[in-house]
2 protein chains.
Amino acid sequence: MARDATPRLPRRSNPSSDRAGSDGRVGNLILRSLPRKESSQLFPLMEFVRLKLHQVLHEPGEVIRSGYFLNDGLGSLLTTHPDGKTVEVALTGREGFIGLPVIFGFKTSALRVVTQGEGTAYRVEVDSLLRILSQCPELETQLQRFSMVLGMQSTQLAACNRLHDVAERLARWLLMSHDRIGMDALPLTQEFLAQMLGTRRASVTGAAGSLQKAGSIEYSRGRVRIVNRGKLEEEACDCYAAIERQKKRWQEEAN
Amino acid sequence: MARDATPRLPRRSNPSSDRAGSDGRVGNLILRSLPRKESSQLFPLMEFVRLKLHQVLHEPGEVIRSGYFLNDGLGSLLTTHPDGKTVEVALTGREGFIGLPVIFGFKTSALRVVTQGEGTAYRVEVDSLLRILSQCPELETQLQRFSMVLGMQSTQLAACNRLHDVAERLARWLLMSHDRIGMDALPLTQEFLAQMLGTRRASVTGAAGSLQKAGSIEYSRGRVRIVNRGKLEEEACDCYAAIERQKKRWQEEAN
DNA sequence: ATACATGTGTGCGTCTGAGTACATACAAGC
DNA sequence: GCTTGTATGTACTCAGACGCACACATGTAT
């Protein structure tokens, strides 16, 4: 299969992208939508950070110290269980914010949040954010709406987990990731996917194998490459489309 | 088994409870928590309504015209699928509000909402609610926090649907209902439970049978009676406890 | 009393996926 | 080169649940 030559941490050598704080390069859609009046209050409080692969941002039951506006890369929200099992219940990229409970006055996270792929984010201390939030109505609105969208996503996934088999869910998951990560090659091991889908690694082998046989994806040793997105959409359950449909509808409805 | 004599719509003959708008009898916890300044604005806009069994309050994709503050009874939020399958993704009673998307500026519902058991609610037209919402900060806060709590619930159910078997989920569901409906006898058919749990009716027969054999419940022809709640808690998966735990924690954290 | 609708018990055959285990393939370091 | 750790392929048994179908029970209506 075609291998892409992306090394582990290649962009360390490109310092220019480290200084994205000066606006033009902001990837996060919430930040980009803010009026100058609000972003000029918010940006001085934030720090541009680089996120590593599988970095844990929040842990269930622990106090949330920082929120994150992702610019690129991807955050998975997982439930954790005593026996070590995990299930992904929501997924967000640059369209969202990580740390929603604090917006509503709660201090702890109910979920584990881990990054997938490398990425960058603007990190903000919760105290700082809350201090300016009441003076930033547009930011507040955006965050609240995003929380509703994310909630809708998780309800759809709740149903998906009940009704659909591993291959459908895997295809659905790849599509959701693909949308957010913006590249065809994703750094994914079967073990990681098993944790996302709440299933066995061996089941992922089977599902990924059949997707590859169908020509939707190619993969090898921790790299998945999407080669035929259209086909992948056919193989995914309708949950992917349902989420996108509702998101779009709400976007249009919100004045 | 012991039958309770509750007829279908018995309380029609008790007009006094129809006029619960004058405060003392308000069951909804959000309404009860409001300062007089806000409730005096809100109550004139609302209508006390009686909800029938399995009444559909919202339908996915349709515009939400009214919101509901339940006083008693129970609302199930379901995803619907083209083939008629449904899965419950969240459950609320008098602690909440039905119609959350409108709070965030969205107009349509993503989910079907159906009542379970009979109940009463304060119904409010969306337009009216939105008109006063900005002048009712406490109401706004309560609604937003509730939306977060409900979202957390649905994430836990997403995992539950993936990891736990029918009997555990049934026990969990009965506990959640029991908490909210406040009676030991619930009007539930196996067919209805199957739709809530997203499974076959026959699977419910099996699960309910084993719960009855264990002495946790008794049931017959559309009536389930919880006879040993402690035992039921043992048989449920940890998801029930996890939801309650997090809810309580957040309640304490919110100043 | 009879007929009917509704609710429940049960019995197939089939299949997905869980749990587990082990073998192979590849990559990086010595 | 060789070793080691990680990633993947595969095989096996078993339990749970699926789809389907039908019989029986119970309460209501005529």
Side-chain angles (χ1 to χ4, degrees), chain A residues 1-9 53-54 81 83-87 159-171 185-213 217-225 235 237, chain B residues 1-9 53-54 81 83-87 159-171 185-213 217-225 235 237:
Chain A
M1 65 174 276
R3 297 278 291 100
D4 66 331
T6 315
R8 278 302 144 104
L9 282 163
L53 185 66
H54 298 178
H81 286 78
D83 55 4
K85 286 179 187 167
T86 61
V87 184
C160 189
N161 282 340
R162 185 77 260 300
L163 298 174
H164 301 129
D165 65 24
V166 180
E168 292 174 301
R169 301 208 312 278
L170 175 57
L186 316 173
L188 297 170
T189 64
Q190 296 186 353
E191 177 61 39
F192 180 79
L193 288 168
Q195 290 190 359
M196 295 301 112
L197 301 175
T199 189
R200 294 177 312 152
R201 203 263 311 156
S203 299
V204 174
T205 305
S210 80
L211 292 183
Q212 178 160 241
K213 210 162 292 169
I217 65 171
E218 287 173 348
Y219 68 98
S220 131
R221 288 194 78 71
R223 289 260 158 217
V224 176
R225 172 180 285 277
E235 285 161 317
C237 51
Chain B
M1 65 177 279
R3 297 278 290 97
D4 66 332
T6 315
R8 277 301 146 106
L9 281 163
L53 185 66
H54 298 180
H81 286 78
D83 56 3
K85 286 179 187 168
T86 60
V87 183
C160 189
N161 282 340
R162 187 76 259 303
L163 298 174
H164 301 130
D165 64 25
V166 180
E168 292 174 300
R169 301 208 313 277
L170 175 58
L186 316 173
L188 298 169
T189 65
Q190 296 186 351
E191 177 61 38
F192 179 80
L193 288 168
Q195 289 191 0
M196 295 300 113
L197 301 176
T199 189
R200 294 178 312 153
R201 203 262 312 156
S203 298
V204 174
T205 305
S210 79
L211 291 183
Q212 177 161 242
K213 210 162 290 170
I217 64 172
E218 286 173 349
Y219 69 98
S220 132
R221 288 192 79 69
R223 291 259 157 217
V224 176
R225 173 179 286 277
E235 284 162 317
C237 52

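The sequence lines fix the lettering, A, B, ..., with proteins before strands; numbering per chain opens at 1.
- Residue-to-nucleotide contacts include a donor-acceptor pair under 3.5 Å from the side chain of A:Arg201 to the base of D:dG9.
- When rounded to the nearest whole Å, the span between CG of B:Asn161 and C1' of D:dA17 equals 14 Å.
- Protein atom OH of B:Tyr219 is 14 Å distant from nucleotide atom C1' of D:dT26, rounded to whole Å.
- Of the side-chain N and O atoms in A:Thr189, none sit less than 4.0 angstrom from OP1 or OP2 of D:dT6.
- Applying the 4.0 Å criterion to OP1 and OP2 of C:dA18, one finds that A:Thr199 has a side-chain N or O inside that range.
- Between B:His81 and B:Thr86, the closest side-chain pair of non-hydrogen atoms is not below 4.5 Å.
- Between the side chain of A:Arg200 and the base of C:dG19, at least one donor-acceptor pair of N or O atoms lies under 3.5 Å.
- Between B:Ser220 and D:dT26 there is no side-chain N or O to OP1 or OP2 distance below 4.0 Å.
- Between B:Val166 and B:Ala207, the shortest heavy-atom contact is CG1-CB, 3.8 Å.
- Atom CG in A:Leu193 sits about 16 Å away from atom C1' in D:dG9, given to the nearest Å.
- The nearest heavy atom of DNA chain D to A:Arg162 and to A:Thr205 marks one nucleotide each, and the one closer to the 5' end goes with A:Thr205.
- Protein atom NZ of A:Lys213 is 11 Å distant from nucleotide atom C1' of D:dG9, rounded to whole Å.
- Atoms CD (B:Glu191) and P (C:dA5) sit 17 Å apart, rounded to a whole Å.
- Within the 4.0 Å cut-off from OP1 or OP2 of D:dT6, not a single side-chain nitrogen or oxygen of A:Gln190 is found.
- Side-chain atoms of B:Arg221 come within donor-acceptor range of the base of D:dT26, with a qualifying N/O pair under 3.5 Å.
- In this entry the distance linking CG of B:Leu188 with C1' of C:dT6 reads 16 Å, nearest Å.
- When heavy atoms are screened at a 4.0 angstrom cut-off, A:Ala202 is found touching base atoms of the nucleic acid.
- Checked by atom type and distance alone, the side chain of A:Gln212 pairs as donor or acceptor with a backbone atom of A:Tyr219 at under 3.5 Å.
- Between the side chain of A:Arg169 and the backbone N or O of A:His164 there is at least one donor-acceptor pair closer than 3.5 Å.
- Between B:Lys85 and the phosphate of D:dC18, there is no side-chain N or O to OP1/OP2 separation shorter than 4.0 Å.
- The separation between B:Asp165 atom CG and C:dG17 atom P is 16 Å, rounded to whole Å.
- Looking at A:Gln195, its side chain never comes within 3.5 Å of a backbone N or O of A:Phe192 through a donor-acceptor pair.
- Summarising the geometry, the separation between CG on B:Leu197 and C1' on D:dA17 is reported as 13 Å, rounded to the nearest angstrom.
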